[in-house]
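Presented below is the structure to which this report refers.
In what follows, every chain begins at residue 1, and chains take the letters A, B, ... in the order their sequences are listed.
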2 protein chains.
Amino acid sequence: MPLPRFQKLDEPRKKTILDAAAEEFGERGFEQASYNRIIERAGISKGAMYYYFSDKDDLYRTVLDHALAHWLLQVGFPFEADDAASFWNACEAMYARSLRFMLEDPKNAALCLSVAQARERLEGHPVLLMLNERMMEWTGALVSQGQALGAVREDLPTDLIVHAALALMDAGDRWLASHWSEITADAVDDTASKMVDLFRRVGEPEGAR
Amino acid sequence: MPLPRFQKLDEPRKKTILDAAAEEFGERGFEQASYNRIIERAGISKGAMYYYFSDKDDLYRTVLDHALAHWLLQVGFPFEADDAASFWNACEAMYARSLRFMLEDPKNAALCLSVAQARERLEGHPVLLMLNERMMEWTGALVSQGQALGAVREDLPTDLIVHAALALMDAGDRWLASHWSEITADAVDDTASKMVDLFRRVGEPEGAR
DNA sequence: GGCGGTTCGACCGAGTGGTCTAATACTGGG
DNA sequence: CCCAGTATTAGACCACTCGGTCGAACCGCC
């Protein structure tokens, strides 16, 4: 919710500002990020910045909104499954999309990771907590769908499965990050397949294979 | 590495100071923690604090050292395994100890979680990074032991397994934290068993059961 | 009295998020 | 073409917190 004036800005200017903010917030998180430094990075004056955003909070929300929108667009869809096998295939495809997203847009990737961090710390900026809750609901829905298709076990609390799934996802991201240079673009599908196998092991009903 | 004078303080005074610091650092992490606030909490003057610790960094290291020492003592040992089955049993016992540690000493638990956080963010205070590296080496050794006993698969990169294991552990802690009130002391073993089953699913060789 | 170890808190410079005024750029109407 | 009035920009300034310093005071002891 930037002040409406911001929307009227020409595209490159908007991008410059949002990019600078995304970098700073991504690198340091909300608290540690310096509004002054963002202003400096964006090559804009303080007055101008406060003319477009009411405060640091406002800018943060705007930047996160953008990143999340990108993520949903690029990763979340399509997801179509009508039996257990196609469910796991769809997961694999989605995971591969997620990897590509991280690879090609590290700036937004860092922001998305900060959402995961809020989950890990159980605290953080209210906006992070809210996004994280949405993320968990979204994952919960996915798990339920899997259960309905017989792809996911039902003998554990759903929220435990959700936590485990998200944790594995983060672990994968982290492992990927520490092997960044070795991951060529066409190794993505292979990696996704390996990772989703871990998800299956955790999530599949006993003796499903 | 507090200044040697600190060691000569009487026990309750030391405890007051370290507790205050552990709380603040545990709640907010190194950067966000306020040295001034710790001083206030400890009910001590600034001059006295700087008389015992050379700076914020020094205090942080000291506090983390204490917490880690406690953890190792209470959780790390004993761990004895001479075949696949006893390996997983030992894991279960260790996980149960870890749960008890978290339950009965939330102050230190929060500090230990901040180490996990450094892993998740791939950055943080140098001391956190170092501790985290030690933690990963330690887990890596555990995985190797498991592999030697045929309890852990060898078809994945070791460090991926380590990342996955630590992630599942954190997920368990988090899930536990959000069900804090429901966990009675004697439910610990049951929970540990459930959780280690997840570890087994991820870590065991194909078709081991 | 004087000495060393200890405690105190005023003070410092740097950096924070945020405000405000004055100057500038841009607009449409006469 | 000029001018009034609005939209935009610049950056000095504000109060505050931060980690850290320092000289004075205090205390028990010889």
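Here B/D10 pairs with nothing under the salt bridge (charged side-chain N to carboxylate O under 4.0 Å, His left out) rule; sequence neighbours left out. By the salt bridge (charged side-chain N to carboxylate O under 4.0 Å, His left out) test, A/K194 is found to be paired with no residue, residues two or more places apart in sequence or in another chain being considered. Listed by chain and number, the residues in a salt bridge (charged side-chain N to carboxylate O under 4.0 Å, His left out) with B/D58 amount to none (sequence neighbours excluded).
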Side-chain atoms of residues 36-46 of chain A: list all donor-acceptor pairs with protein atoms under 3.5 Å, sequence neighbours left out, distances to 0.1 Å.
residue : atom : partner : partner atom : Å
A/N36   : OD1  : A/K46   : NZ           : 2.6
A/R37   : NH1  : A/E24   : OE2          : 2.4
A/R41   : NH1  : A/E23   : OE1          : 3.2
A/R41   : NH2  : A/E27   : OE1          : 3.0
A/S45   : OG   : A/A48   : N            : 3.2

Using residues 163-177 of chain B as the side-chain source, report each donor-acceptor pair under 3.5 Å to any protein atom, sequence neighbours left out, with the distance given to one decimal.
residue : atom : partner : partner atom : Å
B/H163  : ND1  : B/D159  : O            : 3.1
B/D170  : OD2  : B/R119  : NH1          : 3.0
B/W175  : NE1  : A/D159  : OD1          : 3.1
B/W175  : NE1  : A/D159  : OD2          : 3.3

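Residue pairs satisfying the salt bridge (charged side-chain N to carboxylate O under 4.0 Å, His left out) criterion with at least one member in residues 60-82 of chain B, sequence neighbours excluded, are listed as follows: B/D57-B/R61.
Side-chain N or O atoms of A/S98 include none that pairs as donor or acceptor with a backbone N or O of A/M94 at under 3.5 Å. A donor-acceptor pair is defined here as one N or O able to donate and one able to accept, closer than 3.5 Å; no such pair exists between the side chain of A/R153 and the backbone of A/G203. Under a 3.5 Å cut-off, the side chain of B/E31 and the backbone N or O of A/Q32 do not form any donor-acceptor pair. Under the 3.5 Å distance criterion, the side-chain polar atoms of B/R100 are left unmatched by any main-chain donor or acceptor of B/Q74. A donor-acceptor pair is defined here as one N or O able to donate and one able to accept, closer than 3.5 Å; such a pair exists between the side chain of A/R97 and the backbone of A/V75. Here the side chain of B/S193 pairs no donor or acceptor atom with the backbone of B/D189 at under 3.5 angstrom. A/K107 places no side-chain N or O within 3.5 Å of a backbone atom of A/A67 that could act as its donor or acceptor partner. Side-chain atoms of B/K14 do not come within 3.5 Å of backbone N or O of B/K8 as any donor-acceptor pair.
Regarding B/F53, its CZ atom lies at a distance of 15 Å from the P atom of D/dG19, rounded to whole Å. Across the protein-nucleic acid pair, A/K56 atom NZ and C/dG18 atom P stand 8 Å apart, rounded to whole Å.
Atom CG of B/L131 and atom NE2 of B/H125 lie 10.5 Å apart (nearest 0.5 Å). To the nearest 0.5 Å, the span separating OG on B/S34 from CZ on B/F25 amounts to 9.5 Å.
Proximity of residues 5-13 of chain A to DNA chain C (heavy atom under 4.0 angstrom from any strand atom) is not detected for any residue. The stretch residues 58-66 of chain B has no heavy atom under 4.0 Å from DNA chain D, so no residue of it qualifies as close. Within residues 27-44 of chain B, the residues approaching DNA chain D are B/A33, B/S34, B/Y35, B/N36, B/R37, by heavy-atom distance under 4.0 Å.
Here A/Y51 does not reach the OP1 or OP2 of D/dT9: none of its side-chain N or O atoms lies under 4.0 Å away.
Two residues are said to be in side-chain contact when any heavy atoms from C-beta on lie closer than 4.5 Å; B/L156 and A/L198 meet this criterion. The shortest distance between side-chain heavy atoms of B/F6 and B/L18 falls below 4.5 Å.
Taken over five-pair windows at either terminus, the axes of the helix from C/dG1-D/dC30 to C/dG30-D/dC1 are inclined to one another by 30° (rounded to 10 degrees).
At the heavy-atom level, B/Y52 lies under 4.0 Å from the strands shown only through sugar-phosphate atoms.
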Nucleotides 25-30 of chain D: which of its N/O atoms have a protein N/O under 3.5 Å away?
none

Any protein N or O atoms within reach of nucleotides 9-14 of chain C? Criterion: under 3.5 Å, listing atom names and distances.
residue : atom : partner : partner atom : Å
C/dG9   : O6   : B/G47   : N            : 3.2

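Across C/dT6, D/dG19, D/dT9, the shortest atom-to-atom separation from the side chain of B/Y50 is found for D/dG19.
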